[in-house]
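All of these numbers come straight from a predicted model, not from anything done at the bench. By convention in this document, chain letters (A, B, ...) are assigned in the order of the sequence lines, proteins followed by strands, and residues within each chain are numbered from 1. Computed from heavy atoms alone, side chains included, the values below leave out hydrogens, waters and symmetry copies.
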Amino acid sequence: MKVFLAFVKKEFYHIFRDKRTLLVLFGMPFAQLILFGYAITTEVSNASIAVYNQSPGQFSEQLIDKLVSSDFFTVSNRIASQSEILETFRQNKAKLVIIIPPDFENKFSRNEAEIQLIADGSDPNLATILGSSANRIIQSWMNELLKSKGANLSMNTIIPEVRWHYNPELKSVAMFVPGVVTIILMLVSAMLTSISITREKELGTIEILYVSPLKPVLIIIGKVVPFAMLSILNAIFILVMAYVIFNVPVNGSIALLLMESMLFILTALSLGVFISTVAASQQTALMLSLFALMLPTILLSGFIFPISNMPWPLQIISNIIPAKWFLIIIKTIMLKGLGIVYIWKETLILLGMTLGLIALSIRKFKIRLQ
Amino acid sequence: MAEGDPIMVSFENISKSYDKNPALKEVSFSVEKSELFGLIGPDGAGKSTLFRILTTVLLPDSGRVLFDGEDVVKDYQYVRNQVGYMPGKFSLYQDLSVRENLEFFATIFNTSIAANYDLIHDIYEQLEPFETRRAGALSGGMKQKLALSCALIHKPKVLVLDEPTFGVDAVSRKEFWEMLKTLKEKGVTILVSTPYMDEAALCDRVALIQKGNILKIDTPRRIIDQFDKTLFKIRSSQIYKTILALEKLPHLGTAYSFGQEIHLYASKDIEATDVESQLLEVGIADAEVKPGMANIEDCFMNLMVAENMEDHVG
């Protein structure tokens with residue numbers, strides 16, 4: 001035990017005396033969360049729209065007010081002629097143009113009013129979101145209006161009202177926090193462990209560790225324990241940051257979440273050890289971690305692209321990505337607030353992967369140089 | 001193993017190849033207890049491979065090595081507990097301080113610095129002013145002393161040092177060999193390899209190794225006594241030209257430049273005047289040829305030449 005503690009102490013010295021390791025450990029989670037939280041966002045706020053009002057009057061202005069007061073839109077300019085519409089898009093002054101036809105005021109009182117929305121389709125996602133948001137606002141305004149007028153509701157069409165469960169405001173950061181936690185845990189655990197073991201190979205220190213009474217299993221565990229501890233701290237750090245900065249709460253049991261995180265960290269650590277048994281240099285270990293782990297973790301786990309939209313070969317491959325299963329688990333706990341009953345299958349899969357990897361790593365870890 | 005058996009380490013017909021390139025060919029020799037045994041040879045001769053097999057980090061293709069009576073393949077755990085190993089590359093943790101390195105190695109060998117301090121006292125004393133300095137920031141000589149301290153901290157029966165003085169300044173090298181002598185007197189068996197032939201004279205016995213073959217094993221004294229040529233030391237204002245000239249006169253012997261001199265290993269029947277006159281014939285007038293005493297380097301150069309000639313014939 002004393003020997004083991006001495007080994008772990010040595011590992012902590014390595015970690016805390018290496019600026020690059022520290023940067024990856026603590027700078028990375030912060031940067032990723034901020035990046036995903038603020039920059040990569042699918043929410044719309046204050047989008048510029050242009051208005052071509054050919055029928056100025058009480059109702060048309062009320063409609064425009066309603067749109068602007070929603071925070072979704074700001075009117076960037078008013079257009080006076082048909083030809084200006086295209087010009088607006090070309091100069092990128094607005095992403096959406098609202099056209100109110102000349103007979104709007106007249107037809108409105110007869111419940112026959114029409115308006116036209118033209119969106120800039122060069123950014124299809126944004127165009128769809130803007131269009132549907134505007135649509136929603138206009139519908140709800142008409143509803144209010146009809147109610148206040150005491151008019152007969154049945155004469156209007158049925159307006160479906162869509163609500164989002166679990167993330168009612170469709171805050172994208174709520175989706176990204178579980179993803180960032182997943183990536184960080186995978187990165188820190190697998191990459192840093194594999195680099196730390198291959199560093200000993202590269203510097204030749206592994207040779208004197210071999211020529212000592214230290215058992216190989218002890219070397220592996222001694223390498224893994226510090227990173228496991230730091231990774232779980234990291235997970236807590238990200239969750240706290242997500243709550244403080246982005247107001248994303250953990251809806252389910254925090255204890256369960258941390259236990260599942262620990263399991264996933266173990267999976268990643270055993271992957272790291274496995275990589276180090278294959279790679280001879282730090283460079284190779286880094287490359288392997290980046291390409292064999294990071295890219296699939298980001299692209300195939302369902303973090304950015306929904307797995308159900310992928311072609312079937314990729315869907316099958318996604319099953320062997322540990323991050324996919326952890327992402328399901330963490331989303332279920334964090335966003336849906338559900339318990340182990342709903343995620344026992346995923347937990348078992350992760351557990352199986354971890355045990356398999358540990359067995360493989362220990363078998364592959366050499367007691368000699370060759 | 002019987003008490004009083006003088007043999008500490010024995011290599012028996014050890015062969016080892018890397019991808020079909022032979023590194024060691026049927027090497028056999030043994031080292032006695034408390035002996036300071038030197039393994040001398042150029043780069044790529046197989047010195048490190050031999051030491052790695054002894055220290056259990058490499059497996060031989062064939063043959064066996066006994067360490068204190070135990071087989072190094074089967075009983076590798078025993079060897080790992082009882083050997084102190086200093087690999088060729090500086091293999092301590094550069095980001096750990098002097099003290100932290102020593103403490104780490106003491107602990108993983110289940111001992112403490114205090115318990116075995118007497119063995120490393122003389123060496124570590126010189127490092128004590130730098131205890132808190134990172135190992136990476138030490139000078140070459142200091143690094144080497146720290147590595148030796150770390151290899152000794154568990155009181156090993158056998159100390160295996162792979163080119164410990166490589167790249168170290170002359171003063172530190174001399175000091176280092178003084179330390180080895182002291183350790184040997186304390187009963188530690190030492191196997192040391194070096195590319196510097198002058199260090200061979202400081203060993204109890206030396207083995208000359210080249211291309212995976214042991215050319216000779218003996219005490220430095222006897223190796224010198226067995227020198228079967230006449231050594232001529234040649235001085236000239238144009239060393240390089242003289243060497244080229246001597247290469248064209250192979251019946252005289254083989255010549256090497258030793259700093260400001262040329263050493264010529266000639267057969268016994270050749271006289272200094274023969275050499276001078278033949279050099280004069282090819283236009284080197286100022287050559288000053290004197291017979292000299294062969295040192296251990298001359299013996300090795302001579303042996304290595306002989307071996308190379310056989311290679312060419314075979």
Side-chain angles (χ1 to χ4, degrees), chain A residues 1-25 192 195-223 225-227 230 277 280-282 364-370, chain B residues 16-19 48-49 51-61 67 72-73 76-97 99-112 134-137 147 150-151 153-154 156 158-160 162:
Chain A
M1 198 59 203
K2 216 179 126 197
V3 175
F4 179 69
L5 285 181
F7 197 92
V8 171
K9 195 168 114 188
K10 168 190 89 90
E11 289 307 316
F12 273 114
Y13 282 144
H14 290 324
I15 295 169
F16 286 113
R17 286 175 187 179
D18 184 38
K19 287 200 191 80
R20 278 181 303 174
T21 308
L22 280 182
L23 198 68
V24 172
L25 256 177
L192 292 183
I195 289 182
S196 139
I197 297 179
T198 44
R199 184 190 298 153
E200 301 238 13
K201 285 195 199 176
E202 219 175 290
L203 297 179
T205 45
I206 196 89
E207 215 173 323
I208 35 174
L209 290 186
Y210 284 146
V211 190
S212 79
L214 277 181
K215 298 239 170 12
V217 180
L218 201 82
I219 298 180
I220 298 183
I221 301 176
K223 282 275 171 196
V225 162
F227 287 114
L230 291 169
T277 61
S281 68
Q282 295 182 66
K364 284 215 82 177
F365 196 85
K366 290 158 194 130
I367 58 163
R368 295 191 163 87
L369 281 179
Q370 293 165 310
Chain B
K16 174 81 190 171
S17 305
Y18 297 109
D19 298 329
S48 297
T49 305
F51 279 180
R52 282 179 166 157
I53 290 172
L54 172 63
T55 54
T56 77
V57 292
L58 276 186
L59 292 173
D61 295 341
F67 178 103
V72 299
V73 176
Y76 70 92
Q77 296 283 17
Y78 176 78
V79 179
R80 290 179 180 193
N81 273 286
Q82 299 298 337
V83 74
Y85 177 40
M86 211 172 128
K89 217 159 86 180
F90 176 69
S91 299
L92 296 179
Y93 295 102
Q94 315 241 4
D95 52 347
L96 260 54
S97 73
R99 182 84 190 176
E100 284 160 356
N101 264 302
L102 194 61
E103 249 163 21
F104 174 70
F105 285 103
T107 317
I108 65 171
F109 278 96
N110 289 309
T111 180
S112 65
R134 303 262 167 103
C150 290
I153 193 63
H154 60 290
V158 177
L159 192 57
V160 178
D162 193 0

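- No donor-acceptor distance shorter than 3.5 angstrom exists from the side chain of B:N81 to the backbone of A:P213, with no hydrogens or angles considered.
- Counting heavy-atom pairs under 4.5 Å between each of A:V3, A:L5, A:D18, A:V211 and chain B puts A:V211 at the top.
- Neither the backbone nor the side chain of B:Y78 comes within contact range of chain A; no heavy atom of the residue lies under 4.5 Å from a heavy atom of that chain.
- Residue A:F4 does not touch chain B at all, counting heavy-atom pairs closer than 4.5 Å.
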_Steps toward side-chain hydrogen bond (donor to acceptor under 3.5 Å, both in side chains) verdict (A:E207, B:Y85)_ = CA-CA 9 Å; A:E207 215 173 323; B:Y85 177 40; 2.5 Å; yes

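- A distance of 4.5 Å separates CD1 in B:I108 from CG in A:L214, rounded to the nearest 0.5 Å.
- For a residue to count as touching a neighbouring chain, one of its non-hydrogen atoms must lie under 4.5 Å from one of that chain's; by this rule A:I206 does not touch chain B.
- In terms of modelled atom types and a separation under 3.5 Å, the side chain of A:T205 and the main chain of A:E200 share a donor-acceptor contact.
- One N or O on the side chain of A:E202 and one on the backbone of A:Q282 form a donor-acceptor pair closer than 3.5 Å.
- Only the side chain of B:F104 comes within less than 4.5 Å of a heavy atom in chain A; its backbone stays farther off.
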